[in-house]
Amino acid sequence: MKLRTSLSALAMVASCSVAGQAAAADAAPVGNVQNARDKISMCIGCHGIPGYKASFPELYHVPMIAGQNAKYIEAALHEYKKGARSHPTMDAIAGSLSDQDIADLAAYYSNLK
């Protein structure tokens, strides 16, 4: 009887542990401003120039992203990555980013003014 109770308790603990690991794996990454400093070079050439207009594929005003809401930046980058939004340059850049990269860049730019 004690063995059965012990095995039941052990099985319960093991199942909770596995469920906890799965939940942790599904958790969104937390952005790190310091880590983003090594990743911004691909963004700053367009998004860091006040009044910048790009001419590919057509002439358009490039939005400034400094101070933008982090969740908005994350959502936009994920949409470019998945093809829900489309721009040749942004498609290529977002497609090269990991979820952690996206979280880091969003944290960085949302903290700028």
Side-chain angles (χ1 to χ4, degrees):
M1 183 71 165
K2 279 188 170 191
L3 180 59
R4 187 180 311 164
T5 303
S6 295
L7 289 176
S8 293
L10 183 59
M12 175 80 85
V13 169
S15 68
C16 289
S17 175
V18 170
Q21 289 173 354
D26 291 339
V30 175
N32 183 310
V33 173
Q34 291 301 102
N35 289 345
R37 295 183 193 284
D38 295 331
K39 302 172 185 178
I40 61 168
S41 61
M42 65 189 128
C43 309
I44 201 158
C46 295
H47 292 285
I49 303 171
Y52 181 70
K53 293 182 181 171
S55 59
F56 179 78
E58 59 194 36
L59 187 62
Y60 69 96
H61 175 75
V62 176
M64 295 298 290
I65 56 176
Q68 183 62 267
N69 179 284
K71 292 297 179 192
Y72 176 82
I73 295 171
E74 286 183 35
L77 288 171
H78 282 293
E79 287 174 1
Y80 281 115
K81 188 173 181 172
K82 293 175 185 172
R85 279 189 181 194
S86 186
H87 180 274
T89 304
M90 289 303 302
D91 295 345
I93 290 172
S96 73
L97 300 173
S98 70
D99 289 347
Q100 185 63 59
D101 293 335
I102 290 173
D104 293 345
L105 290 168
Y108 178 85
Y109 278 105
S110 69
N111 282 305
L112 294 179
K113 300 296 173 212

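The figures here come from the full heavy-atom set of this structure, side chains too, leaving out hydrogens, waters and symmetry mates. We number each residue from 1, following the sequence as shown.
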Problem - Cluster overlap Met90 with Tyr108, hydrophobic side-chain contacts below 4.5 Å - result: yes
Exercise for the section: Decide whether Met64 and Leu112 are clustered together by the hydrophobic rule: side chain heavy atoms of Ile, Leu, Val, Met, Phe, Trp, Tyr closer than 4.5 Å, transitively. Expected result: no
Please report, to 0.1 Å, the donor-acceptor pairs under 3.5 Å made by any side chain of residues 65-74, with sequence neighbours excluded.
residue, atom, partner, partner atom, Å
Asn69, OD1, Lys71, N, 2.8
Asn69, OD1, Tyr72, N, 3.2
Tyr72, OH, Arg85, NH2, 3.1

Exercise for the section: Kindly say whether Ala107 contributes a backbone atom to a donor-acceptor pair with the side chain of Ser110 at under 3.5 angstrom? Expected result: yes
Handout entry: Closest contact, heavy atoms only, Ser98 versus Lys81
Key = CA-NZ, 4.0 Å
Practice task
Specify the closest pair of heavy atoms between Asp101 and Ser96, including all atoms of both residues, with the distance to one decimal.
Solution key: OD2-O, 4.3 Å
Drop me the distance from [X]'s [atom1] to [Y]'s [atom2], to the nearest 0.5 angstrom.
X: Ile102; Y: Leu105; atom1: CD1; atom2: CG; answer: 8.0 Å
X: Leu97; Y: Tyr80; atom1: CG; atom2: OH; answer: 12.5 Å
X: Asn32; Y: Asp38; atom1: CG; atom2: CG; answer: 10.0 Å
X: Lys39; Y: Ile44; atom1: NZ; atom2: CD1; answer: 15.5 Å

Would you check if [X] and [Y] make a side-chain contact, meaning some heavy-atom pair closer than 4.5 Å?
X: Asp99; Y: His78; value: yes
X: Tyr60; Y: His87; value: yes
X: Val62; Y: His47; value: yes
X: Val33; Y: Asp104; value: no

Practice task
Taking atom types as modelled, find out whether Tyr52 and His61 have a side-chain donor-acceptor pair closer than 3.5 angstrom.
Solution key: no
